[in-house]
Amino acid sequence: MRRLGAVVTAAGMLAALAACGGDKTYASVVEKVQDGGKIVVGTKWDQPSLGLKKGSEPEGFDVDVAKAVLKEMNGGKDAQIEWKESASSNREPFLQNGTVDIIFATYSITEERKAKVSFGGPYVIAHQDIMVRKDDASINAPQDLKGKKICKAAGSNSYKRVTDPPPDGKLDIDATTVDAANYSECVQKLSGSNLDAVTTDDLILAGFAKQAGGNFKVLGQGFTDEKYGIGLKKSDSKTCEAVNTAVKKLWENGTMKQLLEKWFGGIQGLKLSETAPPAEGCS
């Protein structure tokens, strides 16, 4: 039994090494990038225009930003990337247990999350807004959500901005929450009239509204600032600094504005960022 235990332990160690990039381990993600290692990138796979899995890999704004940032970190050469679906509910665990190296997934920087993971960026600032069915005239502003059914997507804090008092909430409105696994399920429930509204970041809503071809409308009533950060394992300050340098350059050379226009241009009620947001400190 003792010998069997030793064999199992050795096998576990080999698996851990393989997960870290073959026969090498790295002190930081930037070192892995620059050494030509394959980087496991977490993105959403169910959010149109941000991260949507349609073929062999996801596509969208977050996907393109991930490619551009890693390319900058790799001296202008495309990095090797393996894409991993990272829902709102598993982003922190995936970083903590090494399932992914880095996350670009509509990941708003909050103090609660900063206690568990580190963030580079932000690379863009979104604003929480509201999406309703195109023929619904009863909801025109956040205050109209009183007594309405709104979606509570697993792992997301957006519903709290509506229902909770400060400091976590913004509106303290008495609305009913309806559970969903993710925002694509929220949109399905809105289509089926199981909800009155979906409220989350305007970029997320804009992607779904664009995909739906006019069946929904975004109110253009943004009431929060959502700083989209790049998720990293806690205390990987070296990668955080490299990420921030890359993001700054991508804003300076116009890449970020081009990508925003590519994925979100022309959507009514949506105001796109024009300037780089100030970087958060690396810790």
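- Using a 3.5 Å distance cut-off with no hydrogens or angles, the side chains of Tyr26 and Asp35 do pair a donor with an acceptor.
- In plain terms, the two heavy atoms of Glu85 and Phe94 that are nearest each other are O-CE2, 3.3 Å.
- Asp136 places a side-chain N or O within donor-acceptor distance of the main-chain N or O of Ser138, the cut-off being under 3.5 Å.
- The shortest distance between side-chain heavy atoms of Leu203 and Phe264 falls below 4.5 Å.
- Aromatic ring centres of Phe119 and Tyr107: separated by under 6.0 Å.
- The line from CZ of Phe104 to CG of Asp64 is 11.5 Å long, rounded to the nearest 0.5 Å.
- Linking Ile, Leu, Val, Met, Phe, Trp and Tyr residues whenever their side-chain heavy atoms come within less than 4.5 Å places Leu205 and Leu260 in a single cluster.
- Rounding to the nearest 0.5 Å gives a distance of 12.0 Å between OH of Tyr159 and SG of Cys186.
- In terms of heavy atoms, Gln96 sits closest to Lys233 at O-CE, 3.5 Å.
- Within the 4.5 Å cutoff, the side chain of Leu250 has no heavy atoms near those of the Leu259 side chain.
- In summary, of the residues considered (Leu219, Leu171, Thr199), a side chain to side chain contact (heavy atoms under 4.5 Å, CB included) with Pro142 occurs for Leu171 alone.
- Take Asn215 and apply the side chain to side chain contact (heavy atoms under 4.5 Å, CB included) test, not counting sequence neighbours, and it matches Lys134, Ala212.
- Annotation for Lys53: atom NZ counts as buried by contact number, over 12 foreign heavy atoms lying within 6.0 Å.
- For Lys248, the NZ atom is loosely surrounded, since the number of other residues' heavy atoms within 6.0 Å does not exceed 12.
- With Asp101 contributing its side chain and Val40 its backbone, the two residues share a donor-acceptor pair below 3.5 Å.
- Rounded to the nearest 0.5 Å, atoms SG (Cys282) and NZ (Lys238) are 13.0 Å apart.
- The cluster map of Ile, Leu, Val, Met, Phe, Trp and Tyr, joined by side-chain heavy atoms under 4.5 Å apart, puts Ile81 and Val33 in the same cluster.
- Each of Glu59, Glu57, Glu72 was evaluated against Lys67; a single residue qualifies, Glu57, per the salt bridge (charged side-chain N to carboxylate O under 4.0 Å, His left out) test.
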Would you give me the side-chain donor-acceptor pairs under 3.5 Å for residues 189-197, sequence neighbours excluded?
residue: Ser191; atom: OG; partner: Val187; partner atom: O; Å: 3.1
residue: Asp196; atom: OD2; partner: Lys149; partner atom: N; Å: 2.7

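- Using a distance-only test at 3.5 Å, with no hydrogens or angles considered, a donor-acceptor pair links the side chain of Asn182 to the main chain of Glu185.
- No side-chain heavy atom of Val178 sits under 4.5 Å from any side-chain heavy atom of Cys151.
- Note on Leu272 and Ile125: separate hydrophobic clusters, where clusters join Ile, Leu, Val, Met, Phe, Trp and Tyr whose side-chain heavy atoms are under 4.5 Å apart, directly or indirectly.
- Counting heavy atoms from C-beta on, the side chains of Trp251 and Thr275 never come closer than 4.5 Å.
- Between the Asp174 side chain and the Gly147 main chain, no donor and acceptor come within less than 3.5 Å of each other.
- The existence of a salt bridge linking Asp62 and Lys44 is excluded, since no basic side-chain nitrogen approaches an acidic carboxylate oxygen closer than 4.0 Å.
- Phe208 and Met131 get closest at one heavy-atom pair: CB-CE, 4.1 Å.
- Taken from NZ in Lys116 to CG in Leu95, the straight-line distance is 12.0 Å, to the nearest 0.5 Å.
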Could you go through the side-chain contact (heavy atoms from CB on, under 4.5 Å) check for Leu232 and Val117 one step at a time? CA-CA 6 Å; Leu232 299 163; Val117 301; over 6 Å; no
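- Taking all atoms of both residues into account, the shortest heavy-atom contact from Gly222 to Asp129 is N-OD2, 3.5 Å.
- Judged by distance alone, the side chain of Asp201 and the main-chain N or O of Ile204 form no donor-acceptor pair under 3.5 Å.
- A donor-acceptor pair under 3.5 Å is absent between the side-chain atoms of Asp179 and the main chain of Ala154, judged by distance alone.
- Aromatic ring orientation, Phe61 versus Tyr123: tilted (interplanar angle from 30° to 60°).
- Counting heavy atoms from C-beta outward, Thr106 and Tyr183 have side chains that stay 4.5 Å or more apart.
- Minimum heavy-atom separation, Ser86 to Gly42: OG-CA, 3.2 Å.
- Under the 4.5 Å side-chain heavy-atom criterion for grouping Ile, Leu, Val, Met, Phe, Trp and Tyr, Val198 is not connected to Phe223 through any hydrophobic cluster.
- Salt bridge annotation for Lys114-Glu111: present, with a cationic side-chain nitrogen under 4.0 angstrom from a carboxylate oxygen.
- Side chain of Asn157 to main chain of Lys160: no donor-acceptor pair is present (N/O by atom type, distance under 3.5 Å, no hydrogens or angles).
- Distance alone, capped at 3.5 Å, places no donor-acceptor pair between the Asn244 side chain and the Glu241 backbone.
- Placement of Phe216 and Leu270 within a single hydrophobic cluster is found when ILVMFWY residues are connected by side-chain heavy-atom separations under 4.5 Å, directly or transitively.
- Formation of a donor-acceptor pair under 3.5 Å by the Thr239 side chain with backbone atoms of Val30 is found in this model.
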Let me see the working for Val243 and Ile102 under side-chain contact (heavy atoms from CB on, under 4.5 Å), right down to the final yes or no. CA-CA 10 Å; Val243 160; Ile102 192 167; 4.2 Å; yes
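- Screening Thr224, Asp225, Asp202 against His127 for a side chain to side chain donor-acceptor pair (under 3.5 Å) leaves a single residue, Asp225.
- One finds the CE atom of Met73 at 10.5 Å from the CD atom of Glu31 (value rounded to the nearest 0.5 Å).
- Salt-bridge annotation for Glu92 and Arg113: present, with a side-chain N of the basic residue lying under 4.0 Å from a carboxylate O of the acidic one.
- Of all the heavy atoms in Gln128 and Arg161, the pair that sits closest is OE1-CG, 3.0 Å.
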Given side-chain contact (heavy atoms from CB on, under 4.5 Å), test Val41 with Val100 step by step and report yes or no. CA-CA 6 Å; Val41 178; Val100 300; over 6 Å; no
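- Looking at heavy atoms from C-beta onward, Gln80 lies out of side-chain contact with Ile39 at the 4.5 angstrom threshold.
- Ile103 has its side chain out of reach of Thr43: every pair of non-hydrogen atoms, C-beta onward, lies at least 4.5 Å apart.
- Taking CD1 of Ile139 as the reference point, atom CD of Gln221 lies at 12.0 Å (rounded to 0.5 Å).
- At a threshold of 4.5 Å between non-hydrogen side-chain atoms, the residues Val132 and Ile130 count as touching.
- No more than 12 heavy atoms of other residues, nucleotides or ligands shown are found within 6.0 angstrom of NZ on Lys227.
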Dump the intermediate steps for side-chain contact (heavy atoms from CB on, under 4.5 Å) on Lys148 and Thr176, then the final yes or no. CA-CA 6 Å; Lys148 301 290 188 178; Thr176 300; over 6 Å; no
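- No donor-acceptor pair closer than 3.5 Å links the side chain of Ser156 to the backbone N or O of Lys152.
- Environment of NZ in Lys234: crowded, with over 12 heavy atoms of neighbouring residues, nucleotides or ligands closer than 6.0 Å.
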